[in-house]
Enquirer: 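Following this message is one structure expressed as structure tokens.
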Number of protein chains: 2
Amino acid sequence: MTDPAATEPLLATLWRMPADKDDQVVAARATLAEVADIADVSISTVSKVLNGRPGVSDETRAKIEGLLQQQGYARRQSSTGPAALIDVLVWEIDSTWAVELIAGVERVAREHGLGMVVSGTQDRKSADPRWLDAVLARRPVGVLLVGAELPDAPRRVLQSRQVPVVTIDQGGHAHPSEHSVGSADWSGAFQATRHLIDLGHRRIGIVTGPDDMIASVARLSGFRAAVEAAGLPLPPEYVRRGEFHHRDGLEHGGALLELPEPPTAVFASNDLQALGVYEAARSHGVRIPEQLSVVGYDDLKAASWVSPALTTIRVPLAEMADQATRLLVRLRDEPDFAVSHIDLATTLVVRQSTAAPAEAAGGPDPVTP
Amino acid sequence: MTDPAATEPLLATLWRMPADKDDQVVAARATLAEVADIADVSISTVSKVLNGRPGVSDETRAKIEGLLQQQGYARRQSSTGPAALIDVLVWEIDSTWAVELIAGVERVAREHGLGMVVSGTQDRKSADPRWLDAVLARRPVGVLLVGAELPDAPRRVLQSRQVPVVTIDQGGHAHPSEHSVGSADWSGAFQATRHLIDLGHRRIGIVTGPDDMIASVARLSGFRAAVEAAGLPLPPEYVRRGEFHHRDGLEHGGALLELPEPPTAVFASNDLQALGVYEAARSHGVRIPEQLSVVGYDDLKAASWVSPALTTIRVPLAEMADQATRLLVRLRDEPDFAVSHIDLATTLVVRQSTAAPAEAAGGPDPVTP
DNA sequence: CTGAAAGCGCTTACAG
DNA sequence: CTGAAAGCGCTTACAG
């Protein structure tokens, strides 16, 4: 059985051509008998290994365990269809941002009698293989990606098992072949920047999100468009790359204030960063909004609690969660439902963190570091 | 077969006495053969009904469907035991407080290869019956209650199905027969109050949580103990009942500041309330900490972002989640593990929201409403 | 340690 | 419309 040619016909039996009118090749799972055949042992022995029973030599056991793993052996499939579960994969599960989405998904899932399995990931772009295995074993109604992305390989695996995937907040442009629910990032950023310009600001800085996130790129782009449309300069040192974290605002906010010619307003790409800018301003003795205007993005609850209350772009997180979850439920009932990209509108919420610049001409005196 | 006596022995076969050394009676599910027997039809016919196949008369179909329902027929049980899931029931899922616990539970669950199913409830004390049904169908490793309580009936149902329950943050005193992980609420509140007294405050108000939550009662009690130990007066109007919400701080904070003799310091029973007190102080033109000291409870991330940064009691939420989840995993392996109550220590985090009162003797002038 | 054989719960093609 | 019989995937008591 170490002769590769010998296993050839056996492997072939693992792929069956079912008597299918659609003339479609479907991957059939391996049975105990097939694994036993490949391993050259009896079905009984494979059964013992599978159930952890004694009476099998270590050598045989190891060989069979390897084969079960390799062949992706799964017990007799219950013909009950998918479990009443939705799997949610969340990037940075403890972010205030993720919470509002999770709460929204839970509410709609509950309405439909579905449980919500939540998994976190620190790595936005690659799925833990154990996560994928767990999802396949659970056979959920569908998978919701919140801020996370899925590489092609696991994406195809899910597709082949008829597990639909919906992405939330990718700006709706990431995978054209994939269902997504996002918000109007570009125009939200444009509105925010426009608001600052209308107040009379001429020197406006930005703290961006990671440049490999569509939402973040779209916000920067909307910002640039508004600045350019107004004919304002945008020195490169006014554009600071961040990671959507509080500390970005603290660090880059400080750096901006220490420039020889600091901006009179800062557009933070999310509220957390905006709160970081607050802290930087505080430690530099700069008053908001008198000496520095700040606009955030998201409209987290905290945005209205801080002082001064934060002017920001409201992202309809609850509604996005709602739409995405309903889409998943719909895909369960109509698997061939056309691929859809939904972008919900964002709105500017003006509070106390923005005002006209101190001097329409020169701006505040440079701050001494 | 409408003669009740005739069904008697057949019903009896639904309860089998397995060849069990423990001499335990175990409820066995009905098989197709048994249902067929009761219905007086062949197994084939029952199988057809079960799978919605044609070739069965409406009458026979109706009879069999009724019996399948009545006998609680379930397909062949996968002999795999409980699913690789933990069920978490969360009170107010979108509270900042719940998030940190959920994130902590997810991390430990993942470590153990377990998925985390999250359900929310707005009603802290009664479980949705659909939730209970879903949990029983999922057969999770265990149930974690986060801020939620379970009435006796569902509690007994879970117990009878060997689904262990662990409660997080009930102060560890709610159900003596139940596993719980809490934190030292009484001594945390005592520390916080003691801190204010040490700074020289003599008039200290409190915004409490709901008086049917142990955590909240314990905090009030710790507060009282510290005030009394210092021989300070505690007028009834200094004790304001809240619900652990931001608006409690806003409303009661305002009410306290409008008293003829307002307190010089406020102990808020959680950080959200403390931020509400901030807002009340702001709208009354009262400066923190110069004119009013504020202490919170929880140490949410936002506590260090606000200005002035909030002095608070740190509750080890991540560690509590960790302990509770590990306890559940342990209960899976040792169902008879002794009931345990773990209370983790809390610590005082001194930031900028507390200072000595303006006038050691009289305090600030009463604020005009 | 190994596997042939009996058996369980279920499905399905087919005879009546 | 109904059911006897063959068969599938798996488990288990037991012979070698």
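Chain A is the first sequence line, chain B the second, and so forth, proteins listed ahead of strands; every chain is numbered from 1.
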Enquirer: Distance check needed: D:dC10 C1' versus A:K48 NZ, whole Å only.
Expert: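 Distance check: A:K48 NZ to D:dC10 C1' gives 14 Å.
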Enquirer: Can you tell if the side chain of B:T45 reaches within under 4.5 Å of the side chain of B:R61, non-hydrogen atoms only?
Expert: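 Heavy-atom side-chain distance check fails, nothing below 4.5 Å.
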Enquirer: Please give the nucleotide sitting opposite C:dG16 as a Watson-Crick or G-U wobble pair, both distances under 3.5 Å, or none.
Expert: D:dC1
Enquirer: Using atom CD of A:E59 as one end and atom P of C:dT2 as the other, report the distance to the nearest whole Å.
Expert: 8 Å
Enquirer: Identify which nucleotide among D:dT2, C:dG3, C:dT2 has an atom closest to any side-chain atom of A:V41, counting heavy atoms from C-beta outward.
Expert: C:dG3
Enquirer: For residues B:V90 and B:T121, determine if any side-chain heavy atom of one lies less than 4.5 Å from a side-chain heavy atom of the other.
Expert: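 B:V90 vs B:T121: side chains apart.
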Enquirer: CD1 of A:I64 versus P of C:dC1: gap in Å, rounded?
Expert: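 Whole-Å distance recorded here is 12 Å.
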Enquirer: Under a 4.5 Å cut-off applied to non-hydrogen side-chain atoms, are B:E106 and A:S119 in contact?
Expert: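 Answer yes - side chains close enough.
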Enquirer: How long is the line joining CD of B:E34 and P of C:dG9, in whole Å?
Expert: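 Distance check: B:E34 CD to C:dG9 P gives 7 Å.
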Enquirer: Would you mind reading off the distance between A:D58 atom CG and C:dT2 atom P, rounded to a whole angstrom?
Expert: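 Taking CG of A:D58 and P of C:dT2, I get 10 Å after rounding.
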Enquirer: Decide yes or no, distance alone: a donor-acceptor N/O pair under 3.5 angstrom between the base of D:dA4 and the side-chain of B:S42.
Expert: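 By the distance-only test, no, there is no pair.
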Enquirer: Just so I know, are the side chains of A:E92 and A:Q122 near enough to count as touching, which here means a heavy-atom distance under 4.5 Å?
Expert: yes
Enquirer: Evaluate the side-chain proximity of A:V117 to A:V88: yes if any heavy-atom separation is below 4.5 Å, no if none is.
Expert: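 No, their side chains stay 4.5 Å or more apart.
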Enquirer: So which one's nearest nucleotide on DNA chain C is more toward 5', B:I43 or A:S57?
Expert: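 The residue mapped nearer the 5' terminus is A:S57.
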Enquirer: Roughly how many Å is it from CG in A:D37 to P in D:dC10, rounded to a whole number?
Expert: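 Answer to the nearest Å: 14 Å.
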Enquirer: Tell me whether the OP1 or OP2 atom of C:dC10 has a side-chain N or O from B:S47 closer than 4.0 Å.
Expert: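 No, because none of the side-chain N or O atoms of B:S47 sits under 4.0 Å from OP1 or OP2 of C:dC10.
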Enquirer: Do any side-chain nitrogens or oxygens of A:T60 fall under 4.0 Å of OP1 or OP2 in C:dT2?
Expert: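 Answer is yes, contact under 4.0 Å.
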Enquirer: Just compare C:dT2, C:dT12, D:dC10 and give me whichever is closest to any side-chain atom of A:L32.
Expert: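 The closest nucleotide is D:dC10.
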Enquirer: Measure from the side-chain heavy atoms of B:S44 and tell me the nearest of C:dT12, D:dT2, C:dT2.
Expert: C:dT12
